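When reading the values below, keep in mind they use all heavy atoms of this one structure, side chains included, and skip hydrogens, waters and symmetry mates. Below, chain A is the first sequence line, B the second, and so on; all start at residue 1. Quick caveat: nothing in here was measured; it's all calculated off a predicted structure.
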Protein chains: 2
Amino acid sequence: MTSEQATGKRRAASETRQSILDAAAHMFREAGYAAVSLRGIAEAAHMKAGSVYYHFKSKEEIVLEVLNLGIERVHEAVQLSYEEVAANGSATQILAVCVKAHLNTLLAHSDYTSANVRIHGQVPENVQLEARVVRRKYENLWDDILQSMASRGGLNDAVDLKVFRLMLIGSLNATLEWFDPAHGDVTELADGYLEILTNGLME
Amino acid sequence: MTSEQATGKRRAASETRQSILDAAAHMFREAGYAAVSLRGIAEAAHMKAGSVYYHFKSKEEIVLEVLNLGIERVHEAVQLSYEEVAANGSATQILAVCVKAHLNTLLAHSDYTSANVRIHGQVPENVQLEARVVRRKYENLWDDILQSMASRGGLNDAVDLKVFRLMLIGSLNATLEWFDPAHGDVTELADGYLEILTNGLME
DNA sequence: AAATTATTCTAACTAACGTTAGACAATTAT
DNA sequence: ATAATTGTCTAACGTTAGTTAGAATAATTT
């Protein structure tokens, strides 16, 4: 008797909300923010455009939630993995675990994460401002992780950690453009990236 | 007496064409394909929407040219650099020179290259198909470069060259999202990336 | 000077957009 | 059963979109 399935009509409101977000994320990812119409989102969620406004008060509210869900899921997964390995892991192990958490979540929720990566620069400015707060938090998490790795020693002194973070997140997110988890193993992908990131191409 | 400045009215046609492309590239980059109107492009190029159709026969034709110019410029710069260093350079030197050529050109023509990276997935399918041909050519160039590096020996055997190429181009292109050549030195950026790519983060 | 050509503008077309108000139907609570 | 609530639909609003045809203007050629 939780108040989850409580009130509603054909579908519970929370279910409908979710399917609107799923449809929106998928379409935003593929076509961009402006190209996606509320009529299109509504159709994909099996309803009419006007009905969407019962669940969201504007298109901007929908896209903001899509953008933030994209990052938040990855953030939570990486943070959890980091907390598990932080106590006893080496720098290399920490990096490996966190990169795998990022890649797995990124590719598992690719509609949301890809929407974030692709259309962040295309949404109205106020949405961009709110979404940036959540982005910053994730960047800070990685700075903490790299700091904690550095404190364990063994890192290449010639590498600037801020540059490394930017390159790392950039290269991981770019996998969204070509890697399909249905046709390839994410763990193999992660191992391939980690070999380059930790040891480099030469020698 | 070349036929360059030959015929025309207020501006030579080729100049107007160029300023339409420049305006379009800039706006596509910032707002996405669908969000940019021909009226907006026309205004930025100091003309009215109808006049644009004297130079291009559709919005699709404009975006296709923007997309292809973005890659072609980078392709030419990297190919040129490669040809200069291929004869006597080591693998590390080849990589360094080509990465710098890519980054310099990418960031120098960032409206075109960024438009390409950001909106390639958002344009109509026929445009995407034509643009992909030019993309493939550039990917092939890098495969050749990496092959030629491998033939010189000294590469880390654990690194898959196809994965390396995907990670390399992905990470370099991602710099468009955060690096501003007006506030940072591109050569320093390239050196930072190269240190990670060649030697890795550890040890 | 007249005729031609090159470029731009105006004005309009149809279609689609985000959003809103209010009628309507289905569920739950009384 | 009735009333209240929850969710959806219809229909319309003003705006803007890509595109086109043809008039208008400026430069070039004859």
Rounded off to whole Å, could you give me the CZ-to-P distance for the B/F56 and C/dT8 pair? 12 Å

Distance check needed: C/dA6 P versus B/M47 CE, whole Å only. 16 Å

Atom NE2 of B/H46 and atom P of C/dC9 are separated, to the nearest Å, by 11 Å

Ordered by number, residues from residues 19-38 of chain B within less than 4.0 Å of DNA chain D (heavy atoms) are B/V36, B/S37, B/L38

Distance to the ring centre below 6.0 angstrom and angle to the axis at most 45 degrees; does that hold for B/R73 and B/Y112? yes

Got more than 12 heavy atoms from elsewhere within 6.0 Å of CG, B/N88? no

Kindly give the heavy-atom pair with the smallest separation between B/A49 and B/R39, and that separation in Å. CB-CG, 3.7 Å

Nearest heavy-atom approach of A/T113 to A/G70 is CG2-O, 3.4 Å

Any side-chain donor near an acceptor of the partner, B/E72 and B/N68, under 3.5 Å: no

Identify, residue by residue, the members of residues 58-70 of chain A with a heavy atom below 4.0 Å from DNA chain C, and return them in order of residue number, or none. A/S58, A/K59

How about A/Y138 and A/H102: are their ring centroids closer than 6.0 Å? yes

Could you pick out which residue, A/G40 or A/K57, lies toward the 5' side of DNA chain C when each is mapped onto its nearest nucleotide? A/G40

Under 3.5 Å side-chain donor-acceptor pair for B/N116 and B/R135: yes

Compute both the distance and the angle, then confirm whether B/K59 meets the cation-pi test with B/Y53: under 6.0 Å from the six-membered ring centre, within 45 degrees of the axis. no

How close or far is atom C1' of D/dT6 from atom CZ of A/R17, stated in whole angstroms? 16 Å

Is the side chain of A/E61 donor-acceptor paired with the backbone N or O of A/F56 at a distance under 3.5 Å, no angle test? no

Taking for B/Y53 and for A/H55 the nucleotide of DNA chain D with the nearest heavy atom, the one nearer the 5' end belongs to A/H55

Kindly point out which of C/dT8, C/dG18, D/dT8 is positioned nearest to the side chain of A/Y54? D/dT8

Pull out every protein N or O sitting under 3.5 Å from an N or O of nucleotides 10-12 of chain D, one pair per line with the distance.
unit_1 : atom_1 : unit_2 : atom_2 : d
D/dT10 : OP2    : A/K48  : NZ     : 3.2
D/dA12 : N6     : A/R39  : NH2    : 3.4

Heavy atoms from other residues, nucleotides or ligands near CG of B/D157 exceed 12 (cutoff 6.0 Å): no

Side-chain (A/Q93) to main-chain (A/S90) donor-acceptor, under 3.5 angstrom: yes

